[in-house]
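Just below is one structure, and these are the notes that go with it.
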Amino acid sequence: MKTYSILLGVLSCWYILTSKIVQSDSRTSTKGRIDHCNKTVDIYEDITSPEVTSSNFGKPLYCSYRFRSFKGTPKDYILRIRFKKFKFGVLVNGTYCQGGFMQILDHAGKGNAATITSKKEVPGSYCGEIEQPQTFLSETSSVRVIFQTNNFTDQTYYSFDSRAEQETQVYLRYGQHPELYPNRRGLLNPGSYCDRTFKECRLQTCYVQSPAYPGVYPRNLKCNYWLNTKNPFIRLYIQNEEFNVDGQRCENIITCPMRPITSGAEYCPYDYIKIYDGKNASSPEIGTFCGMGKFPHSIVGTSEDLFVEFVTSTAGPLLNTGFHFNVGNMPGHMQTAGDKNGTCNWILSSEHLSRDHHTEGIFMSIAHWYPPHTSCTYHLLGLPNQVVRVYFPSFRVNSIESPVKSDWTGDCGESLTLYDAAEPDDTRIIKTFCDTFSKPAEKHDFISTGNSMFIRFESKTGSYSGSSLYYWAHYDFFNDTKFGTAIPDTVCDEEFVSWKPSSGYFRSPVNTLVYKRQGTVTDPDANQPIICRYKFTTDVRLFARIVLKIESIKFKDHNYRTPIEKDNNCWYSERDKLLVWEPEEIDAGFGLNRTIINQSNTNNGLCLFNNINKTRTTPSDPHAGEIKFVSSGNSLNVELNLNPLHAALSYFKYDVPLFEARYEFVHGPLCGPSVIQPVNEGELVFPRFDAMGFVEPPKTLECIWEIRVHDDRDLWLHFNQVNFVTDDCQDGRLEVYLPSRSVDYPFMSACGHNATALKDLPLLTSKDVEEAADKSPSMVGGAESQQHDNRRRRPLRRYVHVRFVGNAYPHKAHFKIAWSELTHLPRNPDGTPRAARRTSDADDECAFLCPGDERLCLPARAVCNGVVNCPGAPNDESPTTCERWNHGSAAATDAGGRGAPMAIALFAAVTAAIVVFGAALFAASTYCHRRRQLLRSGRPSASGRRTMAASGRSTDRIYSTDY
């Protein structure tokens, strides 16, 4: 009985407890049905739209949900709301929602201090239908969702859930290590929901994102982003994420096809981003973008700042997830030294480089955005005596990848043109590069002919991220001073003419660009020597000779393929050298030169390869450091010949002259002939008075006469009637040079104070007047070397040089030079001289022995002819000698001369017979002529007699040979 009582009590307690739970559930269920839409929901709670009943079908519905945070949840948590189902209202014309909408209020704070998603009074709305779940990630920890419709039916529904996430776990929004970059998403401007400022952005430190990224962005937004980098050019780009700003207005791809990423306000009427090239909306607009997909290009600004504006429509679908841009700057930006005019027009001058202490300037292809039909110019301007060089260390030709305008026509969307002018001139184009057909031109020098080069870049398409022609250009300026007249179509040849400055200085090219081998079209690596020629030409009516003085040669030492000790032919050697010669068509003249160790000279030229330096001169020897060459005619060539394998490396931008020289055109008309051919006896008178009527008397004058001598003849040179203007040797002097001696020192020199020294000039032997044989290395070598040498060699010459220099009224000085060639007596087999024979034979060159030196003899025609031809006293013109010579005295000759009187007697007899015969013939002719006249007309009249008398006069003309 007791057991039953206990069981009954337990059952009673269970009933009472169960009844209370049921009542509680009944009360809760009733309350939910009463206030199902307007409540605060817990995180992770599933929320669905109210059940459609007869009491709410077709009636208005308003549901508001506020999310309750976890207790103790930190502020760095955000809310993720996942909409699993959504169909609410219809989007009409893409501008407003009809039949219902949803609003999301993402805000922080309470009451009037709240910051909501919209800057406008009315939040934006979502409507339409989703076929796949969509996510909204809040920007704050407090979110409110509102659903509102005027006609609630079973075709109006929603379902979503939520959860809280820590910011560090949302990798797509905050990236890796967000604690290291707390401002990676920019600084939120006070009082705004999405206006952000980014300062000094660099790689992976600035994320420019749409609000709620990577979820669906809110509606009715206008967000501003101020972007800045430390250095230009600022670059806005998408790395791996997709761009989705109003890419579709619904998920039905048939009725709402996916919109590709496009640019232009006319293509983006709803949601878009607008990018400005500067700090605010008043800056130039780069473009307006919308669509969905991979953003195909970067946006590169022209400075350190960009301004981005993000706008969403008042109503739209619950679809678009926005954007995520990175911010950086284009590497390799170089500051161009010059004056900028406008956006990209530059004047780059040598003065700018000098001011900044630079030797080269740099400009690069456009690395930032530019609109269609852009033209950028670079005017490279040097000093008047300079030329411009441009070369490209890096040059790439790409296809146009990010055009602003894609509907262009023609061959070249973008081009780069180089003009050899100060402005665009299609007749003076150096090169044009085009994006469609050009090849790169790296490390090729483009050189102007003047001091200006104009470069123009043109684009029909424009670009968001820089030119398709990527180039890195260097430019510099080179002194192109010419000391003579530049010869057309040559790189460095010059011409010097006597009717311009009659003397001057010249040197190796100042423009060292000539030492860089450019090659040819057919053979870019042509291994030809680098040659610069200097041509000297004079008009014989002005001057007859060129004097060349080489003051210095400074070649560098190189490792040649052929050792110097084995290189036997300087003229055809691979060594760097300086060549001097007279053209072959001119009568090969002489070369006044010093034979230097390892210096190869031919008889009409020089080949120099060893260095010389004029600084080695001393007061006692002012010409010790120079080489002198005097032409025999009116033309002279100088050639700088460099080995191309070493020239660029050794001499490019090498300021030291490779050689220095001076020239002078000498031997003017007052001097008379410059070269006098060999004669037995001759004379020269200065000045040549017949020339003074045709030229103005010069202030200074230099005459150089070459008196040539027959083979194996001695020369007796004597000066008569010598008169200088003053006694000073600087005002006038006469010098005699012998080819057998050094040309640096005259054999004899005289001026006003010692003019009598000229009378003591000794007899010049045949060895004295003969050129020294060339013993240079070029005389040694194989058959080929000898053949090359022979092209420039000629027989040794015999001559004497007489030089007159006048610096004070040289035309007032006067003198006479006379000379005689003397023959040595032939020798007998035993070595004793043969006896001279007195004879009248003109071919006998040794008919008379000189009284002063019986080893010398003269032809008969030179004895007692009024000109002294034998040195010493007595001579061939002394009265005693002439008396004996004319009377056939045996004393006039030596013991072996007995045949001379017989020859003279025979000559006299023949002459007398000819005279008698002629007289008889003339008398007979005259008699016969007068007889005929008498027979015809009787006695001759007086006029007839006068006529006959006149007919007896000589009608021969007298011709004189002048020098």
Side-chain angles (χ1 to χ4, degrees), residues 41 43-49 63-67 78-92 94 96-107 117-118 123-140 143-149 155-165 169-173 193-194 209-221 223 241-259 270-272 290-293 310 312-324:
V41 297
I43 296 175
Y44 299 108
E45 182 178 352
D46 289 335
I47 304 298
T48 60
S49 56
C63 293
S64 175
Y65 302 95
R66 187 182 299 274
F67 296 87
I78 61 173
L79 190 65
R80 179 189 292 268
I81 304 175
R82 185 179 61 152
F83 294 92
K84 295 179 286 185
K85 293 181 181 181
F86 177 80
K87 187 176 181 181
F88 228 79
V90 178
L91 183 63
V92 178
Y96 69 97
C97 293
Q98 183 179 23
F101 59 85
M102 176 186 69
Q103 293 177 332
I104 301 177
L105 282 67
D106 185 9
H107 59 85
T117 58
S118 175
S125 303
Y126 299 96
C127 54
E129 180 181 9
I130 63 173
E131 296 179 358
Q132 296 178 354
Q134 298 292 339
T135 302
F136 178 87
L137 272 74
S138 68
E139 295 287 342
T140 68
V143 179
R144 183 182 176 191
V145 180
I146 299 173
F147 296 90
Q148 184 174 344
T149 179
Q155 296 300 312
T156 304
Y157 51 84
Y158 56 85
S159 173
F160 63 89
D161 60 14
S162 62
R163 65 177 181 179
E165 293 185 3
Q169 296 177 354
V170 186
Y171 170 75
L172 292 178
R173 176 178 290 184
Y193 172 70
C194 59
Q209 300 170 339
S210 55
Y213 185 84
V216 177
Y217 54 77
R219 288 285 152 194
N220 200 23
L221 283 179
C223 301
E241 298 78 6
E242 285 193 353
F243 180 84
N244 189 351
V245 175
D246 195 12
Q248 288 176 280
R249 302 303 285 177
C250 66
E251 286 196 359
N252 191 327
I253 61 174
I254 297 178
T255 58
C256 300
M258 183 178 68
R259 184 196 306 269
Y270 309 116
D271 305 342
Y272 58 86
C290 61
M292 188 172 82
F310 176 47
T312 65
S313 60
T314 304
L318 189 65
L319 290 174
N320 304 122
T321 55
F323 55 86
H324 174 111

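What you see is a predicted model; the values in this text were computed from it and never measured. Counting from 1, the numbers follow the sequence of the chain as shown.
Of all heavy-atom pairs spanning L172 and Y213, the tightest one is O-CE2, 3.5 Å. In terms of heavy-atom proximity, I43 sits nearest to R163 at CG2-CA, 3.3 Å. The heavy-atom pair separating C127 from G89 by the smallest distance is CB-C, 4.2 Å. Nearest heavy atoms, Y44 versus A164: OH-O, 3.9 Å. Residue T140 comes nearest to V143 through the heavy atom pair O-CG2, 4.3 Å, listed as atom of the first residue, atom of the second, then distance. Contact record, R249 with S313: NH2-OG, 3.7 Å, taken as the closest heavy-atom pair.
For the pair D271/R219, a side-chain contact is recorded, criterion being any heavy-atom separation below 4.5 Å from C-beta on. Looking only at side-chain heavy atoms (C-beta outward), N220 and P123 stay at 4.5 Å or farther from each other. Counting only heavy atoms from C-beta outward, the side chains of F136 and P218 approach each other to under 4.5 Å. Side-chain contact between Q155 and E129 is absent, with no heavy-atom pair separated by less than 4.5 Å. Between Y270 and R259 there is a side-chain heavy-atom pair separated by less than 4.5 Å. Looking only at side-chain heavy atoms (C-beta outward), T48 and Y157 stay at 4.5 Å or farther from each other. Residues F67 and S138 form no side-chain contact, since every pair of their non-hydrogen atoms from C-beta on lies 4.5 Å or further apart.
Taken to the nearest 0.5 Å, the CG atom of L91 stands 12.0 Å off from the CG atom of L318. The distance from atom CD of Q103 to atom SG of C97, rounded to the nearest 0.5 Å, is 9.0 Å. Between S162 atom OG and R82 atom CZ the span is 10.5 Å, to the nearest 0.5 Å. K87 NZ to E131 CD: the interatomic distance, rounded to the nearest 0.5 Å, is 10.5 Å. The distance from atom OH of Y126 to atom CZ of F101, rounded to the nearest 0.5 Å, is 13.0 Å.
Checked against I78 for a side-chain contact (heavy atoms from CB on, under 4.5 Å), the options Q169, R173, E139 give a single hit: R173. Screening D246, T321, N244 for a side-chain contact (heavy atoms from CB on, under 4.5 Å) with Y217, the sole residue that qualifies is D246.
For F83 and F160, the ring centers are positioned less than 6.0 Å apart.
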Apply the test side-chain contact (heavy atoms from CB on, under 4.5 Å) to residues L221 and Y193: give CA-CA distance (whole Å), side-chain angles for both, the deciding distance (0.1 Å), then the verdict. CA-CA 9 Å; L221 283 179; Y193 172 70; 4.0 Å; yes
Can Y158 and C63 be said to form a side-chain contact (heavy atoms from CB on, under 4.5 Å), step by step? CA-CA 11 Å; Y158 56 85; C63 293; 3.4 Å; yes
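The aromatic rings of F147 and F86 lie tilted to each other, with the angle between the two planes from 30° to 60°.
Within 6.0 Å of the NZ atom in K85, the count of heavy atoms belonging to other residues, nucleotides or ligands does not exceed 12.
Using a distance-only test at 3.5 Å, with no hydrogens or angles considered, no donor-acceptor pair links the side chain of S64 to the main chain of I146.
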